[in-house]
Amino acid sequence: MPIIRVAINVPVGTLFDYQAEDANVLDIGLRVCVPFGKKKITGIIMAISMETQIPIEKLKSAYGIFREINPLPPALLNLFHFCSQYYHHPLGMVILNSLPAMLRNNKPVKLKEWWAQHPLGLTDLGRQVDIANIPARNRVARRLLTEFQNATNLTVQQIKQISPRASKLLIEWKQLGWVAEKPIIQTTPSETAIIPTLTAEQESAVTTVTARLEQFNTWLLHGVTGSGKTEVYLRIIESALSRGKQTLVLIPEINLTPQLEAVFRARFCTIPLVNLHSGLNDTERLTGWLQAQRGEAKIILGTRLAVFTPLPELGLIIVDEEHDSSFKQQDGLRYSARDLAIFRARETNIPIVLGSATPSLESYFNAINGRYQYIRLASRAVKNARLPMIQYIDTRIHKSQDGLSVPLLKAIEKCLAEQRQTLIFINRRGYAPVLLCKSCAWSALCQRCSSRLVVHLRDKKLRCHHCGHEENFPRACPQCGNQDIAPFGQGTQRVEESLIAHFPSARILRIDRDSTRRKNAWQEILHTIHTHQVDILIGTQLLAKGHDFQNLSLVGILNADTSLYSTDFRASERLFSQLMQVSGRAGRANAAGHVLIQTEFPDHPLYYSLQQHDYDVLAQTLLTERKMAGFPPYVYQALLRAEAHDIKIVLNFLKQAAHLAKPTQAIQIFDPVPAQLVRLKGMERAYLLIQSSSRKQLQAFLTEWSVQISTLAIRKVRWVVDVDPIEF
DNA sequence: AGCACGCCGACT
DNA sequence: GTCGGCGTGCTC
């Protein structure tokens with residue numbers, strides 16, 4: 001009797017063997033329902049064998065194999081294997097957590113579930129059916145046929161509205177071959193999509209990449225904001241589409257999906273496109289996934305989880321804003337979707353394009369070393385558009401009131417007079433980051449995290465931005481009883497308040513997670529901005545990413561200095577790319593933009609590079625620093641992260657783990673250190689840094705070491721390996 | 001991850 | 001005497 005080896009969603013690295021009499025080699029990659037302990041669960045068949053190491057009496061029989069949808073293709077299983085090994089995470093968990101929830105339960109996929117969003121239409125055979133041949137008393141059938149003849153296609157919802165009996169009829173007609181699912185075709189014609197003329201740079205980028213569509217290459221498309229990277233993507237995708245290939249487009253955030261989706265749909269109005277992100281419900285996600293898996297969807301637009309979608313005809317991958325840290329998952333399986341995408345492209349032997357205005361130093365390093373192919377777009381695509389003028393306001397000279405200095409206020413006034421929009425960027429939501437007692441220096445702290453509570457004045461609450469804890473505003477200082485407690489520092493709400501006071505007639509809008517939480521709020525806000533129903537925008541980084549605001553001509557940046565002298569070696573890189581992105585919001589249309597940055601350190605090299613729009617100088621400087629300090633990309637890192645209720649237990653565990661490691665020349669192990677934010681949600685956290693100049697040796701070390709760590713009988717400690725960490 | 005088993009204290 | 005606390009170990 002054949003034995004199937006099944007991957008199951010349990011934190012154990014092994015597969016589980018079952019008997020399955022009807023299993024054959026074609027079943028690899030299919031879902032299977034099996035008994036597991038007392039439960040009945042669904043796993044994925046990873047292998048078929050005639051023998052097993054497990055004693056026969058322990059071996060159970062599978063309940064049944066689900067064959068209603070195609071198996072996961074070998075290429076995807078290969079990606080799962082790699083991901084599991086590279087990130088040291090159990091295979092079954094990698095696979096099952098990446099699948100749509102509806103494929104994880106013990107039920108077969110019901111066809112109607114994907115019909116629900118899949119329009120149906122008459123086949124050639126169906127069109128030949130004469131309504132006269134349907135008995136007149138069969139009114140539902142006649143009605144349904146007429147509806148089909150009138151509309152090119154109907155969704156299941158529409159069909160159900162005709163009559164409850166209509167869906168039964170539909171199944172019969174499907175079997176007769178009268179109706180079939182149709183690929184989703186945008187019915188509204190595109191708004192006469194204007195296809196822009198390419199600049200010489202864009203042209204050359206497109207021809208270079210499209211000339212090599214048949215083989216693996218990692219292209220780093222480094223284009224300044226407004227250089228028209230999207231247009232380059234569109235042309236390359238067009239080329240892939242013409243070969244019948246699928247394109248996977250990864251983007252960092254869910255907020256950017258609608259914008260890019262609109263652009264793609266306008267250009268490729270007849271091409272089936274699916275959007276995969278965490279904001280979908282279970283049915284929507286499954287529908288999109290199945291369309292991708294069947295090769296029907298040609299463009300798959302999605303956030304990091306979309307990298308795990310089965311794509312039989314994959315011909316091109318694009319990672320937009322490749323430097324963005326959201327591509328790295330920060331809990332559970334700590335994978336980098338960008339890095340997995342590169343692996344996938346290599347295995348599939350197809351090109352991958354990494355696009356950014358400020359590439360990650362890792363990618364830049366690979367590009368200048370020739371591991372990636374470097375393509376540069378140095379000028380803005382819109383004619384006459386110039387890069388914004390960046391100036392600094394020295395806050396040591398110009399004292400600010402509520403965070404806003406006089407020169408900045410003057411500039412806003414001027415901008416208002418010219419009827420243009422202003423954006424004030426402050427990456428801190430709430431009213432003020434601290435609540436301080438003026439007499440004893442007490443400040444409001446979170447009980448569960450080692451962080452300060454943020455003042456939210458509007459709803460009279462103190463909130464922890466790390467764990468979500470909320471408490472009421474104290475009347476007096478809990479430590480000394482003094483009533484003289486006051487918010488200290490600036491957040492978006494306070495800046496909003498102060499701008500309202502300065503410019504009472506201006507239309508002011510604050511945009512941060514607090515104001516965009518409502519569903520569709522984001523779309524409404526974008527509309528408000530585009531139709532110029534607002535003069536001054538105050539926003540966090542939410543606003544910085546990838547949106548074009550045509551009327552925006554002034555950007556004011558507050559409080560950027562905090563990241564200048566951070567302990568995190570990636571802080572400068574992040575600050576630069578963030579400021580570059582925000583600055584890029586200004587002066588998109590024919591007017592040059594103006595950026596004013598309030599700082600105590602106007603002479604800082606980072607600010608100088610920003611002013612010169614010189615990514616390369618800064619990148620070279622940072623690379624030199626990293627080389628001297630022995631940081632990535634010159635070394636490969638991994639963390640052993642651990643948490644427990646008591647930091648002492650954590651540090652002790654890490655010490656023991658470090659002790660287990662066999663000292664090698666190739667591997668450097670550092671002392672355990674508490675995490676930047678020691679307490680988070682009531683847990684105390686610390687980590688152990690492991691470095692090596694060889695990725696291979698680091699991997700080999702981690703594999704052996706994690707096995708040893710799991711033999712350590714340390715109670716109450718949760719631990720995890722984080723490969724290529726970006727947060728400390 | 002669940003879930004059972006098992007070994008200790010504190011209750012009717 | 002048992003009820004339930006959680007520490008330990010297994011699931012094909």
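Keep in mind that the numbers below use all heavy atoms, side chains included, and drop hydrogens, waters and symmetry copies. Proteins get letters first, then strands, A, B, ... in listed order; numbering begins at 1 in each.
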*A:His465 vs A:His456 aromatic rings, parallel, tilted or perpendicular, using cut-offs 30° and 60°?*
perpendicular

*Closest nucleotide of DNA chain B for A:Lys38 versus for A:Arg718: which of these residues is on the 5' side?*
A:Arg718

*Residue A:Arg718 excluded, over 12 heavy atoms near CZ under 6.0 Å*: no

_With a 4.0 Å cut-off on N to O distance, would you call A:Arg338 and A:Asp724 a salt bridge?_
no

*Between A:Glu362 and A:Arg570, is there a side-chain N and carboxylate O pair less than 4.0 Å apart?*
yes

*Could you give the start and end, 5' to 3', of the contact zone on DNA chain B for chain A, using atoms under 4.0 Å from its heavy atoms?*
B:dA1 to B:dA4

*Taking the six-membered ring for Trp, is the centroid-to-centroid distance between A:Tyr86 and A:Phe343 below 6.0 Å?*
no

_Can you confirm whether the side chains of A:Thr257 and A:Asn275 place a donor and an acceptor under 3.5 Å from each other?_
no

*Please examine the side chains of A:Pro474 and A:Leu462, heavy atoms only from C-beta on, and report whether any two atoms are closer than 4.5 Å.*
yes

*Along nucleotides 5-12 of chain C, 5' to 3', which nucleotides get a B, which get an S, and which get a -, given that the test is a protein heavy-atom distance under 4.0 Å?*
--SS--BB

*Is it true that A:Phe82 and A:Tyr87 have ring centroids separated by less than 6.0 Å?*
no

